[in-house]
Number of protein chains: 2
Amino acid sequence: MSIRTTDTKEEILRIGKQFIQYYGYNAFSYADIARELKIKNAAVHYHFRGKEDLLMALIENYIQNYQLLAQQLEGSKLKAAGKINKFIERYTGLCDSDSICIIGSIASDYNTLPESVKARISELIEMVLGMVEQTLAEGKKKGELHFEESPRTRALLIMTNLAAGVQLARISGKADYEAIRKALIKQLK
Amino acid sequence: MSIRTTDTKEEILRIGKQFIQYYGYNAFSYADIARELKIKNAAVHYHFRGKEDLLMALIENYIQNYQLLAQQLEGSKLKAAGKINKFIERYTGLCDSDSICIIGSIASDYNTLPESVKARISELIEMVLGMVEQTLAEGKKKGELHFEESPRTRALLIMTNLAAGVQLARISGKADYEAIRKALIKQLK
DNA sequence: CTAAAAACTTACTTATTAGTAAGTAACTCT
DNA sequence: AGAGTTACTTACTAATAAGTAAGTTTTTAG
């Protein structure tokens, strides 16, 4: 068993994710990925038959990643506000690297995607919204969080604030994102 | 003086706007516009030297459009809530045509744009946010609107809810947008 | 050590992209 | 009516796009 210092397939995923978050899905090519990793065009095609396959793989990664977060939160002693903050932190991280979340990025290009990908994105969004919704519902039940709307609506409000917040931040600056972030936390108290 | 039934330049702008809002800025080409209008590629280049120039023209249109709205609101007898509703209505309209707002669309492709365009988008966003902020501030002062945050922050929250709301709606359905819309209105009471 | 499988590169193809130079038709102004 | 201007079309170019077939190197497993 040898130790592999670099795994090309994972590197492609890493760069692909970076490009989607930084430039947008329809603004980069396999050639760009190849150039970045100093491999050939065809090598990218070897690992991912086409761009859609790469995107699909990234979506699967994203889903797994959130499922992992769900498990961690379930087994944690964090209060509801702390759990919500874990979601918020992900967006704050994006903001720092002038990137937007994959969902927000893909949302702009949504009508250019094949049905198979659209369907999976839909599931991903349902999952994330469901997680936030459940966390909010529990927090409210325990008296840790306070809000007027239904948990679903509150989840929608929070996630749209965050998704568009990072989009806005790279145009008008991080101060606006920070204002949003602080307001979100305060609103739940 | 002849009556011109179609003005190619305006048709190009119309289709360009449609494509940006439906497919995204980096997902359509001049050839697509030409095909749609049954003119030649070069005719599009004649009116707009390059894609950036077309985008810039659309941004200018957008700015003018909002300035017009600003004038209309200033001279109107609408209460603050009614004015805010005028902003919301624009997004509701987009939602109905499976489209997203130009700003949201461009935000995804922001890092692929030349500095000149970036700067103008920045100004556009400042203008829109400023308008909403001012409306909110006046409404609060008159006791017509109620919210905790600063007018700027509240404007950020509303506009990000709307921008990402329409993005979300074409993936997860219009019901989610409607929930957001109603919550926004209710929150200000 | 060796065969097969995995991970590539080389060398293409076909389609699309943005863009332009040169020509033509139509309108408009005097 | 004729000259200039406007609004195009025709016919390209050069660059980039996705994708693939065939060959080569590297790794792994027996």
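Note: hydrogens, waters and symmetry copies are ignored here, and every other heavy atom, side chains too, is used. First the proteins, then the strands, lettered A, B, ... as listed; each starts at 1.
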### Task
Please confirm whether the backbone N or O of Phe28(B) pairs with a side-chain atom of Lys51(B), one donor and one acceptor, at under 3.5 Å?
yes

Enumerate donor-acceptor pairs with a distance under 3.5 Å from any side-chain N or O in residues 127-143 of chain A to protein atoms, sequence neighbours excluded.
from, atom 1, to, atom 2, distance (Å)
Gln134(A), NE2, Glu138(A), OE2, 3.4
Thr135(A), OG1, Met131(A), O, 2.8
Lys140(A), NZ, Phe147(A), O, 2.9

#### Entry: DNA chain C contacts made by residues 13-25 of chain A, counting heavy atoms under 4.0 Å
none

### Message
Looking at Ser29(B), I'd like to know whether one of its side-chain N or O atoms comes within less than 4.0 Å of OP1 or OP2 on dT16(C).
### Response
no

### Length of the line joining Arg49(B):CZ and dT20(C):C1', which is rounded to integer Å
10 Å

### Query
Is there any ring-ring contact (aromatic ring centres under 6.0 Å, His included) pair reaching into residues 35-57 of chain B, and which pairs are they, with sequence neighbours excluded?
Tyr30(B)-His45(B)

### Atom-pair distance (CD1 on Ile12(A); P on dA7(C)), nearest Å
11 Å

### Query
For the atom pair CG (Asn61(B)) and CZ (Arg14(B)), what is the distance rounded to the nearest 0.5 Å?
13.0 Å

### Query
Looking across every strand, which nucleic acid part, if any, lies under 4.0 Å from Lys9(B) by heavy atom: base, sugar-phosphate, or nothing?
nothing

### Task
Can you measure from CE (Met56(A)) to CG (Leu113(A)) and round to the nearest 0.5 angstrom?
10.0 Å

### Nucleotide dT17(C), atom P - distance to CG of Asn26(A) in whole Å
11 Å

### Task
Please determine if Arg120(B) and Glu60(B) form a salt bridge, counting it only when a charged side-chain N lies under 4.0 Å from a carboxylate O.
yes

### Task
Rounded to the nearest 0.5 Å, what's the gap from CG on Leu168(A) to CG on Asp176(A)? Could you check?
5.0 Å

### Least distance between heavy atoms, Gly165(A) atom then Thr160(B) atom
N-CG2, 3.9 Å

### Summary
Lys51(A) NZ to dT16(C) C1', in whole Å, measures 13 Å

### Length of the CG-P vector between Leu54(B) and dT17(C), whole Å
15 Å

### Task
Residues of residues 34-48 of chain A with any non-hydrogen atom less than 4.0 angstrom from an atom of DNA chain D: list those, numerically ordered, please.
Ala42(A), His45(A)

## Note on the structure
Residues Ser122(B) and Ile171(A): closest non-hydrogen pair is OG-O, 3.7 Å

#### Entry: Separation of atom CD1 in Ile33(A) from atom C1' in dG19(D), rounded to whole Å
14 Å

### Query
Using the C1' atoms of five pairs at each end, what's the angle between the two axes of the helix from dC1(C)-dG30(D) to dT30(C)-dA1(D), to 10 degrees?
20°

### Task
Quickly, which of His146(A), Arg154(A), Glu148(A) forms a side-chain hydrogen bond (donor to acceptor under 3.5 Å, both in side chains) with Gln187(A)? Name it, please.
Arg154(A)

### Query
Can you list every pair that meets ring-ring contact (aromatic ring centres under 6.0 Å, His included) and has a residue in residues 54-77 of chain A, with sequence neighbours left out?
Tyr62(A)-Tyr66(A)

## Note on the structure
When rounded to whole Å, the OH to P distance for the pair Tyr30(A) and dT13(C) reads 22 Å

